[in-house]
Participant: 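My questions will all concern the structure given below.
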There are 2 protein chains.
Amino acid sequence: MTRDDIVAAALRVIDTDGLDALTMRRLGAELGVAAMSLYRHLSNRDAVLAAVVNHLAAEAVTDLEPGDSWSEALTRFGTVYRRMLLAHPRAVPLLATHPMDIDAGLRLMGGVLDRFAAAGLSQAEALTAVQSVAVFVLGHALAQVGTPPGTPAAPPETPEVAEYYERWFDAGLTAMVSGFAARHRR
Amino acid sequence: MTRDDIVAAALRVIDTDGLDALTMRRLGAELGVAAMSLYRHLSNRDAVLAAVVNHLAAEAVTDLEPGDSWSEALTRFGTVYRRMLLAHPRAVPLLATHPMDIDAGLRLMGGVLDRFAAAGLSQAEALTAVQSVAVFVLGHALAQVGTPPGTPAAPPETPEVAEYYERWFDAGLTAMVSGFAARHRR
DNA sequence: ACCTGAACACCGTTCAAGT
DNA sequence: ACCTGAACACCGTTCAAGT
């Protein structure tokens, strides 16, 4: 049983039964092991959650194409990040409260930051724009699927509802990206 | 002991000792009463949290001046909402996972929505813009002060750090508002 | 080295009982 | 009507003990 096995099992439990179904006893059972064995690999429950967060950050980055301009890269970043969040709705509250490692965050945003640098923008300007999009995406996902911990699984969305959120997301993301574009066009 | 007393005591506990210090036993002690007495007034712990959320929404709206244009109203809305969140940092994760009542939300956003209507914009356009700002503000506050539940109180920010977040917030909010302004200027 | 059972100090919540 | 103590079924985590 490796650390990665534990993280994978934890994510499985979260996806199927939600965040507070993830008890140490349940996680142990999922791996055919006593709960206490987990403490050999991860120091406590919080460390398990942190590992899941970083795993998800890595998952988001896999299909991120850089794009031509920084504004296109920024839009794609938001879209890919959102896709990951919607693929793991029960994990969204976890991402909201559990900051990701700095290096996991940089791996996630790295490609986009490069596009800003290539356009001659400072790293501070780049970080501001990318992180602004990131918090918008997360906040939006929370509004869409972030159910309070302890509540049963949300009923699946109707297509109409899903489309409502999709349009709202596109409008907000476009507004933010074009706002930054106007700022840097000067 | 009224329902409002309970909500006030709950917020007091959250502000001083964080979200998971808020146990039913602790809340009872805060009010000089047995934990079980609380169930006479609120059906369970989740109902206490929901009541706190709506209380905070009402708190944010108190000092919200409408502003001249809808874009100014939108900026003020974001600023006031942010001020409330920063006044209750340990409650931010709660706002993130616990959707507010529809009517509490409308009371919070109502004044701003009116400004959009006065400018001849549809309610759908208005909601998209206001809610986009709202999720940005919440997401940003999460990044700034949203510490995982169960962690000790974050050390107070240095002025430098606070200013970093302030500048980031201003840039993101401005980008979003001006992006919506450009969209509706057509 | 890796795993475990029993135990401790907590939770939220129910229920029968008190005034 | 309003409050309560004891109890139940859980938690995360520690620790001494097993292989």
Side-chain angles (χ1 to χ4, degrees), chain A residues 1-55 90-91 93-94 96-99 147-153, chain B residues 1-55 90-91 93-94 96-99 147-153:
Chain A
M1 175 182 54
T2 80
R3 204 188 121 103
D4 285 349
D5 292 334
I6 298 178
V7 174
L11 184 54
R12 215 156 51 228
V13 172
I14 292 171
D15 281 341
T16 59
D17 292 322
L19 209 48
D20 41 33
L22 184 68
T23 68
M24 298 302 273
R25 284 164 175 89
R26 166 74 187 276
L27 184 53
E30 195 80 12
L31 292 159
V33 106
M36 302 73 205
S37 311
L38 301 167
Y39 288 86
R40 194 69 39 174
H41 305 270
L42 288 154
S43 54
N44 51 29
R45 181 171 185 269
D46 208 57
V48 176
L49 296 177
V52 170
V53 167
N54 293 320
H55 176 91
R90 318 281 300 251
L94 176 60
T97 51
H98 231 107
T147 202
T151 1
Chain B
M1 176 182 53
T2 81
R3 204 189 121 103
D4 284 351
D5 291 335
I6 298 179
V7 173
L11 184 54
R12 216 156 50 225
V13 171
I14 292 171
D15 282 340
T16 59
D17 293 320
L19 210 49
D20 42 33
L22 185 69
T23 67
M24 297 304 271
R25 284 164 175 88
R26 166 74 186 276
L27 184 53
E30 196 78 12
L31 292 159
V33 107
M36 303 74 206
S37 311
L38 301 167
Y39 288 86
R40 195 69 40 174
H41 301 87
L42 288 154
S43 54
N44 53 29
R45 181 171 185 269
D46 209 57
V48 176
L49 297 177
V52 170
V53 167
N54 293 321
H55 175 91
R90 321 280 299 251
L94 176 60
T97 50
H98 230 107
T147 202
T151 1

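Values below: all heavy atoms of this structure, side chains included; hydrogens, waters and symmetry mates excluded. Proteins get letters first, then strands, A, B, ... in listed order; numbering begins at 1 in each.
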Participant: Measuring from the side chain of B/M24 (C-beta onward, heavy atoms only), which nucleotide among D/dC11, D/dC3, C/dG12 has the closest atom?
Facilitator: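 Closest nucleotide to the B/M24 side chain: C/dG12.
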Participant: Please give me the minimum heavy-atom distance between A/L27 and A/A10, naming the atom from each residue.
Facilitator: CD1-N, 3.6 Å
Participant: Counting just side-chain N and O atoms, does A/S37 come under 4.0 Å of either OP1 or OP2 of C/dT4?
Facilitator: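 So the side-chain polar atoms of A/S37 do come within 4.0 Å of the phosphate oxygens OP1 or OP2 of C/dT4, strictly under.
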Participant: Quick one, A/L49 and A/L22 - any side-chain contact, counting heavy atoms below 4.5 Å?
Facilitator: yes
Participant: How many Å lie between CG on B/D46 and C1' on C/dC11, as a whole number?
Facilitator: 15 Å
Participant: Suppose we define a pair by two distances each less than 3.5 Å, Watson-Crick or G-U wobble; what does D/dG18 pair with here?
Facilitator: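 Result: C/dC2.
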Participant: Output the rounded distance in Å from CE (B/M1) to C1' (D/dC2).
Facilitator: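 Going from B/M1 (CE) to D/dC2 (C1'), I get 9 Å.
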Participant: Considering all heavy atoms of both residues, which atom of B/M24 and which atom of B/L38 are nearest to each other, and what is their separation?
Facilitator: O-CD1, 3.4 Å
Participant: Quick one: A/Y39 OH to D/dA16 C1', roughly how many Å, whole number?
Facilitator: 17 Å
Participant: Which whole-number value in Å describes the distance from B/N44 CG to C/dC11 C1'?
Facilitator: 14 Å
Participant: Strictly by Watson-Crick or wobble contacts shorter than 3.5 Å, is anything paired with C/dC8, and which nucleotide is it?
Facilitator: D/dG12
Participant: Rounding to a whole Å, what distance do you find between A/I6:CD1 and C/dC3:C1'?
Facilitator: 12 Å
Participant: In whole angstrom, what separates B/R26's CZ from C/dC11's P?
Facilitator: 10 Å
Participant: Taking only N and O in the side chain of A/H41, is any of them less than 4.0 Å away from OP1 or OP2 of C/dC2?
Facilitator: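 The answer is no; no side-chain N or O of A/H41 sits under 4.0 Å from OP1 or OP2.
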Participant: Find the distance B/M36:CE to C/dG18:P and express it as a whole number of Å.
Facilitator: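 So the two atoms are 17 Å apart, to the nearest Å.
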Participant: Do A/R26 and A/D17 touch side chain to side chain, with heavy atoms closer than 4.5 Å?
Facilitator: yes
Participant: The side chain of A/T23 is closest to which nucleotide in this list: C/dA6, D/dG12, C/dT14?
Facilitator: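 So the nucleotide nearest the side chain must be D/dG12.
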Participant: Working to the nearest 0.5 angstrom, can you tell me the gap between B/L19 CG and B/T97 OG1?
Facilitator: 7.5 Å
Participant: Let me spell it out: for each of A/V33 and A/R25, pick the nucleotide of DNA chain C with the closest heavy atom. Which residue's pick is nearer the 5' end?
Facilitator: A/V33
Participant: What's the CG-P distance between B/L42 and C/dT14, to the nearest Å?
Facilitator: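 B/L42 atom CG is separated from C/dT14 atom P by 14 Å.
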Participant: Does the side chain of A/R40 get closer than 4.0 angstrom to OP1 or OP2 of C/dC2 through an N or O atom?
Facilitator: no
Participant: Side chain of A/R45 only, heavy atoms from C-beta on: which candidate in D/dA6, D/dG12, C/dG5 is closest?
Facilitator: D/dG12
